[in-house]
Amino acid sequence: MKVAIRGTSSPWLLLTFTLPTRRASQRVEVWRKLQRYGAVPLGNSGYLLPNNATNQERFEWLATAIRKYAGEASVVKVQSIDNLSTAQLIGRFAEARAREYQELIRELQKLSSVPSQKRPSSRVSRVRRRFREIAEIDFFHSPLQKRVEELLVRADKSPARQGEAAKVNPKEYAGRIWVTRPRPGIDRSASAWLIRRFIDKKARFAFAPEEHAPRETVPFDMFHGGFGHRGEDCTFETLQKSFRIRDKRVEIIGQVIHDADLLDEKFGRKEGFGVDEILNGWAKQGIPDRELLDRGIQLIEALYYAVAGK
């Protein structure tokens, strides 16, 4: 591995160090600080962080501490690494943060199944503190950060009916305007497809922040009210159960959407991750909400025919 060292414009910081073998407790202390700083190991060469003032101060402070422990340490500004592209380096940080966010998601999903009056506030507070710690070192803005934020909001509120979704009268939902949050992802796109195909063929869709949703509309995948996550179900599953949609392909799509949206590997379905990535890519291109939803509906319609016979 060759490291190219440049000036102040270098995008990376590399901490290299050695400690005497007798300094086991100090070695653990250094390792824990590196974990807290969000550094990723670079083989046997050291630990890497994006180059900014805060990270440089942290590495230099840690290097000083290592020297006090009779070790050797250097902080190096790095321009490039010959066998790792910038995308690969960013990927290592993304994978580390994704693992940490997924732990929080699993914890919050367990909490969501506990009635709010029995939910220990200390557990929610602990998760929130951990979330702030991870977000601080989420240098490349993992999409899972927003997912954890949503689950934390739900954990603070009384959950909708747990377990089986309440049954509804489909006639009351014909020809309605259905409203959801802007920038629809896989669960909202699939839910819109389900609504238009099985629930309300003349459904119209609108977008609004939670606090500005018109009263006469039917909310879906909002944080409060309407049809949303209930218990361990994503919004698609809530709609499927509430309107008693019994279709084998819809059941399969529900499993696909569940795993892609909740990331709990409940059904072992991987098909939805590609659909979600496509939607995220279109969103990053600045495609308007309505067109983004229409494209998502088309993707789910194609998926409906693709799973035929499975």
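The figures here come from the full heavy-atom set of this structure, side chains too, leaving out hydrogens, waters and symmetry mates.
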- For Arg204 and Arg196, the nearest pair of non-hydrogen atoms, with its separation, is CA-NH2, 4.4 Å
- In terms of the angle between their ring planes, are Trp12 and Phe140 parallel, tilted or perpendicular, with boundaries placed at 30° and 60°? tilted
- Please report the closest heavy-atom contact between Ile287 and Arg183, naming both atoms and the distance. O-NH1, 2.8 Å
- Item | side chain to side chain contact (heavy atoms under 4.5 Å, CB included) between Asp221 and Ser191, worked out | CA-CA 8 Å; Asp221 204 47; Ser191 296; 5.7 Å; no
- Message: When you compare the side chain of Tyr101 with that of Asp138, does any pair of heavy atoms fall below 4.5 Å?
- Response: yes
- Note on the structure: Between the CZ atom in Arg92 and the CG atom in Leu84, the distance rounded to the nearest 0.5 Å is 4.5 Å
- Salt-bridge present (Glu150, Arg181; N to O < 4.0 Å): yes
- Query: So do the side chains of Arg99 and Glu103 get within less than 4.5 Å of each other, counting heavy atoms only?
  - Reply: no
- Please say whether more than 12 non-hydrogen atoms of neighbouring residues, nucleotides or ligands are located less than 6.0 Å from NZ in Lys110. no
- Message: Any non-hydrogen side-chain atom of Leu89 less than 4.5 Å from a side-chain atom of Leu42?
- Response: yes
- Message: Using side-chain heavy atoms (C-beta onward) and a distance below 4.5 Å, is Arg197 in contact with Val250?
- Response: no
- Task: Carefully, step by step, assess Ser189 and Leu279 under the rule side chain to side chain contact (heavy atoms under 4.5 Å, CB included).
- Result: CA-CA 9 Å; Ser189 295; Leu279 289 169; 3.9 Å; yes
- Query: Is the closest side-chain heavy-atom distance between Ile199 and Trp178 below 4.5 Å?
  - Reply: yes
- Does any non-hydrogen side-chain atom of Leu13 lie less than 4.5 Å from one of Leu15? no
- Query: Same cluster or not: are Ile186 and Leu262 linked, directly or through other Ile, Leu, Val, Met, Phe, Trp or Tyr residues, by side-chain heavy atoms under 4.5 angstrom apart?
  - Reply: no
- Task: Give, for atom CD1 of Ile105 and atom CZ of Arg147, the distance between the pair rounded to the nearest 0.5 Å.
- Result: 6.5 Å
- Task: Apply the ring pair (Phe, Tyr, Trp, His ring centres under 6.0 Å) test between Phe198 and each candidate in Phe236, Trp193, Phe243; give the one that qualifies.
- Result: Trp193
- Task: Take Lys270 and Glu265 through the side chain to side chain contact (heavy atoms under 4.5 Å, CB included) test and state the conclusion after the steps.
- Result: CA-CA 9 Å; Lys270 306 296 184 184; Glu265 300 180 350; 4.1 Å; yes
- Item | Non-neighbouring partners of Glu60 that pass side chain to side chain contact (heavy atoms under 4.5 Å, CB included), sequence neighbours left out | Gln56, Val75
- Message: So does Asn51 get a backbone contact from the side chain of Asn55, meaning a donor-acceptor N/O pair under 3.5 Å?
- Response: no
- Could you state whether Leu19 and Val28 fall into the same hydrophobic cluster, counting links through intermediate Ile, Leu, Val, Met, Phe, Trp or Tyr residues with side-chain heavy atoms under 4.5 angstrom apart? no
Exercise answer: donor-acceptor pairs, residues 32-41 side-chain atoms, under 3.5 Å, sequence neighbours excluded:
| from | atom 1 | to | atom 2 | distance (Å) |
| --- | --- | --- | --- | --- |
| Lys33 | NZ | Glu29 | OE2 | 3.2 |

- Query: Do NZ/NE/NH1/NH2 and the carboxylate oxygens of Glu291 and Arg295 come within less than 4.0 Å?
  - Reply: yes
- Message: The test is side chain to side chain contact (heavy atoms under 4.5 Å, CB included); show your working for Phe139 and Leu49 and say whether it passes.
- Response: CA-CA 9 Å; Phe139 306 113; Leu49 278 176; 3.7 Å; yes
- Message: So that I can tick it off, tell me whether Glu100 and Arg97 are bridged by a salt bridge, with the cut-off set at under 4.0 angstrom between side-chain N and carboxylate O.
- Response: yes
- Item | Atom pair CD1 (Ile300) and CD1 (Ile257), whose distance is rounded to the nearest 0.5 Å | 4.0 Å
- Task: Considering non-hydrogen atoms only, spot the tightest contact between Cys234 and Glu237 and give its length.
- Result: N-OE1, 2.8 Å
- Message: Rounded to the nearest 0.5 Å, what separates atom OG1 in Thr86 from atom CD in Gln79?
- Response: 8.5 Å
- Closest non-hydrogen atom pair between Lys266 and Asp259, with its separation: N-OD1, 3.2 Å
- Any chain of hydrophobic side-chain contacts (each under 4.5 Å) joining Tyr47 to Ile90? yes
- Item | pair Leu152-Leu104: side-chain heavy atoms closer than 4.5 Å | no
- Within the side chain of Thr217, is there an N or O that forms a donor-acceptor pair under 3.5 Å with the backbone of Ile177? no
- Task: Starting at CG of Asp294, measure out to CG of Asp289 and round the result to the nearest 0.5 Å.
- Result: 11.0 Å
- Query: With no hydrogens and no angle check, is any side-chain donor or acceptor of Arg23 less than 3.5 Å from a backbone partner on Tyr69?
  - Reply: yes
- Item | Of all pairs that satisfy ring pair (Phe, Tyr, Trp, His ring centres under 6.0 Å), the ones with a partner from residues 262-301, not counting sequence neighbours | His258-Phe267
- Is NZ or CZ of Arg27 both nearer than 6.0 Å to the six-membered ring centre of Phe17 and within 45° of the ring axis? no
- Establish whether Leu292 and Leu303 are linked, either directly or via other cluster members, by ILVMFWY side-chain heavy-atom contacts under 4.5 Å. yes
- Query: Mind checking whether Val179 and Phe207 have side chains closer than 4.5 Å, heavy atoms only?
  - Reply: no
- Nearest heavy-atom pair of Pro170 and Arg244: which atoms, and what distance? CD-NH2, 4.2 Å
- To the nearest 0.5 Å, atom CE of Met222 lies from atom OG1 of Thr235 at 11.0 Å
- Query: Can you name the closest pair of heavy atoms from Pro209 and Pro182 and give their distance?
  - Reply: N-CD, 4.3 Å
- Whether Phe220 and Phe205 hold their rings parallel, tilted or perpendicular, with breakpoints at 30° and 60°: perpendicular
